[in-house]
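Have a look at the structure below, then the notes.
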Amino acid sequence: MSCVLGSLLSDSQGSFLEGHTSLQTDPCPASPAPRTPPSHGPSGRPGRGCGQGIKGPAGSGLSYGVCALLQPSRAATMVHWSAEEKQLISSVWGKVNVEECGAEALARLLIVYPWTQRFFDNFGNLSSPTAIIGNPKVRAHGKKVLTSFGEAIKNLDNLKATYSKLSELHCDKLHVDPENFRLLGDILIIVLAAHFGKDFGPSCQATWQKLVGVVAHALAHKYH
Amino acid sequence: MVLSSADKTNVKGVFAKIGGHAEDYGAETLERMFATYPQTKTYFPHFDLGKGSAQVKGHGKKVAAALVEAANHIDDIAGALSKLSDLHAQKLRVDPVNFKLLGQCFLVVVASHNPALLTPEVHASLDKFLCAVGTVLTAKYR
């Protein structure tokens, strides 16, 4: 392993690593993430990276947490939220009817992407859009999901911890492909747009897409 | 994925309702896409992407016109967009993942301007249609 790292770092001028300090293996959930070299925090997950910091090419003054190289997704651990973004999130959320919005988002997920129904065999009648929209289990579950989303909003700086148990649950017990979190996030955006109209402008959408992306990422974090 | 006759009816209905606003919707779709998915800007280094940009408006018009054309020839989207498909394969080579992003933003624009129009069924049909358009445009990539 150290040989691979050694050869990466000896790349002339460290050009491989420059501009790649927040390597992402999937679409960046926190785009635009600040492009600073990842700090090597005490993420301490045994068996996933040796936990040593590594100096960049001599004279470069750069150093890279090994975590970033061995676990690309970790580089975006700390998502940064500007004051404006926080404002856009809370002002929208303050006006959301969690029960209605949650029910609608889940119903639309099951209608627009019917294969997502695979997780809800015990929900009864999902045979038509009308049936899905009127289904009380869909409504209840939609409310549950969006209520949980509200927890994310209260813990923007600590999402991975907030969703740690839920992530394990979705992996180990529910066996939900994380792609479904992204699908639901996109649907939620559309429901919000329909609800807020012109008030859901481009920067509002951008902020909320970032939020749903980060939530999806946090929910997928404990997958193995 | 196949568009059912109900899907086709729904999509035609959407574009009939949008009517003359299609060009504005196209521009707004791009504006939202650039704001939400900054990586999409990499395809437009030669554009002024600032607010109210005439280039973005002009390009939005083209994008919208293509969608309208596809909707008007919904039984043969591949035929209707054949030249555009060639262009994307040979010259533009926009990575396929970006068509989904554009599609998402178009849905958001429709939703924000016409919430009553975008019922769940219409939403599903329009999403399928946008996927189909993306598939056609990337079909000749390799």
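Chain identifiers are assigned alphabetically (A, B, ...) following the order of the sequence lines, protein sequences preceding nucleic acid strands; residue numbering begins at 1 within each chain. Every heavy atom of this structure was used, including side-chain atoms; hydrogens, water molecules and symmetry mates were not.
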Other residues, nucleotides, ligands: >12 heavy atoms within 6.0 Å of B:K61 NZ: no
Surrounding NZ of B:K140 (heavy atoms of other residues, nucleotides or ligands, distance under 6.0 Å), is the total greater than 12? yes
Distance from B:T36 atom OG1 to A:Q209 atom CD, nearest 0.5 Å? 5.5 Å
To the nearest 0.5 Å, what is the distance between CD (A:Q205) and OH (B:Y37)? 6.0 Å
Go through the atoms of A:I133 and report whether side chain, backbone, both or neither lie under 4.5 Å from a heavy atom of chain B. side chain
For A:F200 and B:R32, the nearest pair of non-hydrogen atoms, with its separation, is O-NH2, 2.7 Å
Smallest separation among heavy atoms of A:A206 and B:A35, with atom names: CB-O, 3.5 Å
Can a salt bridge be assigned to the pair B:E28 and A:K198 using a cut-off of 4.0 Å between side-chain N and carboxylate O? no
If you count heavy-atom pairs within less than 4.5 Å of chain B, which of A:L192, A:I189, A:I190, A:T207 leads? A:I190
So what's closer than 4.5 Å to chain A heavy atoms on B:K100: side chain, backbone, both or neither? side chain
By number, which residues in residues 111-138 of chain B have some heavy atom less than 4.5 Å away from chain A? B:A111, B:S112, B:H113, B:P115, B:L118, B:T119, B:P120, B:E121, B:H123, B:A124, B:D127
